[in-house]
Amino acid sequence: MKSTTATFGKTPHQPSLWTRADALKVHADDPTTTQPLVSADFPVLSDKVFIWDTMPLRDLDGNITSVDGWSVIFTLTADRHPNDPQYLDQNGNYDITRDWNDRHGRAKMYYWFSRTGKDWKLGGRVMAEGVSPTVREWAGTPILLNEQGEIDLYYTAVTPGATIVKVRGRVVTTEHGVSLVGFEKVKPLFEADGKMYQTEAQNAFWGFRDPWPFRDPKDGKLYMLFEGNVAGERGSHKVGKAEIGDVPPGHEDVGNSRYQTACVGIAVARDEDGDDWEMLPPLLTAVGVNDQTERPHFVFQDGKYYLFTISHTFTYGDGVTGPDGVYGFVADSLFGPYVPLNGSGLVLGNPSSQPFQTYSHCVMPNGLVTSFIDSVPAGEDGKQMRIGGTEAPTVGIKIKGQQTFVVAEYDYGFIPPMLDVTLK
Ligand code: FRU
């Protein structure tokens, strides 16, 4: 295997840092970076399944793509168990919260289609039972490859391990709907290496997942973003001057934040087809700040690289905090340096009155942001929680230089196409 320098003739880049000083600028409830309240009377896509991470079909340049006028989304999906004795509480009532919280362990990839970019109809499972090599089918990206309707689905095969994989199939349309065919042979691509990206052996709580392949608009090569943690044994990371940043007096204490080691990983393809990949050093690290930078993705706009990633309140380190939501960074070239959008990184967070209302935001190149509903306070006293497992209202943001602004709200699960491909 050749080294990065030998293969690509460039010096490996330095990861950009999301510092503790940047994170001190994160403020919940700033109206320009807060998702409008989701009402407790939201409609659900299906009472048979929960859905969460939503992956719109797109091309390698990032454009959301319909085929023959049909929009297609992929979702992480799990059955709801309203009648399963395992999910009844002591009073014999369905414990939907427990069912919902257990969903990650049985996540499967499903697809949905629509004529209107909303009102999604369930297509079914993408892969038949037994095709995917592990128990969990976790997030990734479906890429429409050509006018023959071929799709490469990149995703994460989890438990045992966590491997970035891909499976090729095809989309077929009729007047009445869409079906996905093929998706029968899963190809493992790579796993964490322990040198740049943390392995399970180094940390049982490691993250390595959520592939997002793309073509660099400037150099035209095929790359892939993914979520990782910085390599090294759990507890061995140093939160030094660089990770702390320029903090005011009294903010030097980093507590136990050495346990927070998230990064946004990047790999480059050695071939045109994306079957052979080489991991490169992370684009962005958050050591001492946050332990998860999930589902990283780009919007390419005005010659700049807008890097977005989702994160949680509970994954922040000691002494820093922020809402669940999507965070962003911008650079003039792919390998950085990246600076946090809005000074802090926060782009669209949940309001503090409904801290779990939505998650897994995906910023599309048209400025629309899709996410799913997790749970919303309900009932007369607002003390009940209504579980979602369905699409949230889409939010519109405007991206301007190093700033972003919430400017619009649309219907539940509104994911309109940016271009349509007529299949041959
Ligand atoms: C984000 C996420 C992804 C992962 C999936 C697992 O909501 O945590 O990073 O692939 O959900 O369910």
Side-chain angles (χ1 to χ4, degrees), residues 35 49-56 73-80 98-110 125-127 132-142 153-167 186 189 191-192 197-198 200 203 205-213 224-229 260-265 282 284 286 290-297 307-316 323-327 348-350 355-363 369-375 387-392 413:
Q35 182 152 10
V49 294
F50 295 122
I51 63 104
W52 60 108
D53 295 8
T54 297
M55 301 156 257
I73 54 172
F74 291 52
T75 59
L76 294 193
T77 305
D79 289 340
R80 296 175 186 247
R98 198 151 50 80
D99 196 12
W100 169 243
N101 290 339
D102 280 357
R103 73 192 185 280
H104 302 286
R106 56 179 199 277
K108 306 289 176 200
M109 199 61 82
Y110 277 62
R125 259 184 95 168
V126 178
M127 289 168 282
S132 196
T134 61
V135 175
R136 307 174 182 204
E137 301 168 11
W138 276 14
T141 310
L153 173 62
Y154 290 77
Y155 72 99
T156 324
V158 176
T159 314
T163 308
I164 291 179
V165 301
K166 76 179 214 184
V167 56
V186 176
L189 299 178
E191 308 179 9
Y197 298 100
Q198 196 173 47
E200 186 172 15
N203 175 7
F205 309 102
W206 94 124
F208 194 78
R209 53 182 184 259
D210 303 348
W212 197 88
M224 183 200 296
L225 298 177
F226 53 87
E227 172 188 0
N229 288 98
Q260 276 67 43
T261 63
C263 68
V264 171
L284 182 85
N290 204 304
D291 205 35
Q292 292 187 358
T293 45
E294 306 193 283
R295 298 196 67 200
H297 56 284
L307 172 62
F308 296 99
T309 177
I310 53 171
S311 197
H312 289 287
T313 305
F314 84 90
T315 53
Y316 269 98
D324 279 26
V326 61
Y327 291 76
L348 189 64
N350 282 334
F356 304 112
Q357 67 171 18
T358 62
Y359 193 58
S360 210
H361 302 73
C362 172
V363 184
V369 188
T370 168
S371 61
F372 72 85
I373 300 176
D374 184 294
S375 51
I387 297 289
T390 187
E391 297 290 344

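Both counts, for ligands and for their atoms, begin at 1 and track the order of listing. We use all heavy atoms of the structure for the numbers below, so side chains are in, but hydrogens, waters and symmetry mates are not. Treat the numbers as computed from the prediction; the structure is a model and nothing was measured.
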*Just wondering, do D374 and W100 contact through their side chains at under 4.5 Å, heavy atoms?*
yes

I'd like to know whether R209 forms a side-chain contact (heavy atoms from CB on, under 4.5 Å) with E294, so could you lay out the CA-CA distance, the side-chain angles of the two residues, the decisive distance to 0.1 Å, and finally the verdict. CA-CA 8 Å; R209 53 182 184 259; E294 306 193 283; 2.6 Å; yes

With sequence neighbours left out, the residues meeting ring pair (Phe, Tyr, Trp, His ring centres under 6.0 Å) with Y359 are H312

Taken in chain and number order and not counting sequence neighbours, the residues that satisfy salt bridge (Lys or Arg N to Asp or Glu O under 4.0 Å) with R125 are E129, E137

Report every pair formed by an N or O atom of ligand 1 and a protein N or O atom separated by less than 3.5 Å, giving atom names and the distance to 0.1 Å.
unit_1, atom_1, unit_2, atom_2, d
ligand 1, 7 (O), D53, OD1, 2.8
ligand 1, 7 (O), D53, OD2, 3.4
ligand 1, 8 (O), E294, OE2, 2.7
ligand 1, 9 (O), R209, NE, 2.9
ligand 1, 9 (O), D210, OD1, 3.4
ligand 1, 9 (O), D210, OD2, 2.6
ligand 1, 9 (O), E294, OE2, 2.9
ligand 1, 10 (O), A139, N, 3.1
ligand 1, 10 (O), D210, OD1, 2.7
ligand 1, 11 (O), D53, OD2, 3.1
ligand 1, 12 (O), W52, NE1, 2.9
ligand 1, 12 (O), H104, ND1, 2.6

Taken in chain and number order and not counting sequence neighbours, the residues that satisfy ring pair (Phe, Tyr, Trp, His ring centres under 6.0 Å) with Y155 are none

The residue among T315, T261, T313, T309 that forms side-chain hydrogen bond (donor to acceptor under 3.5 Å, both in side chains) with N290 is T315

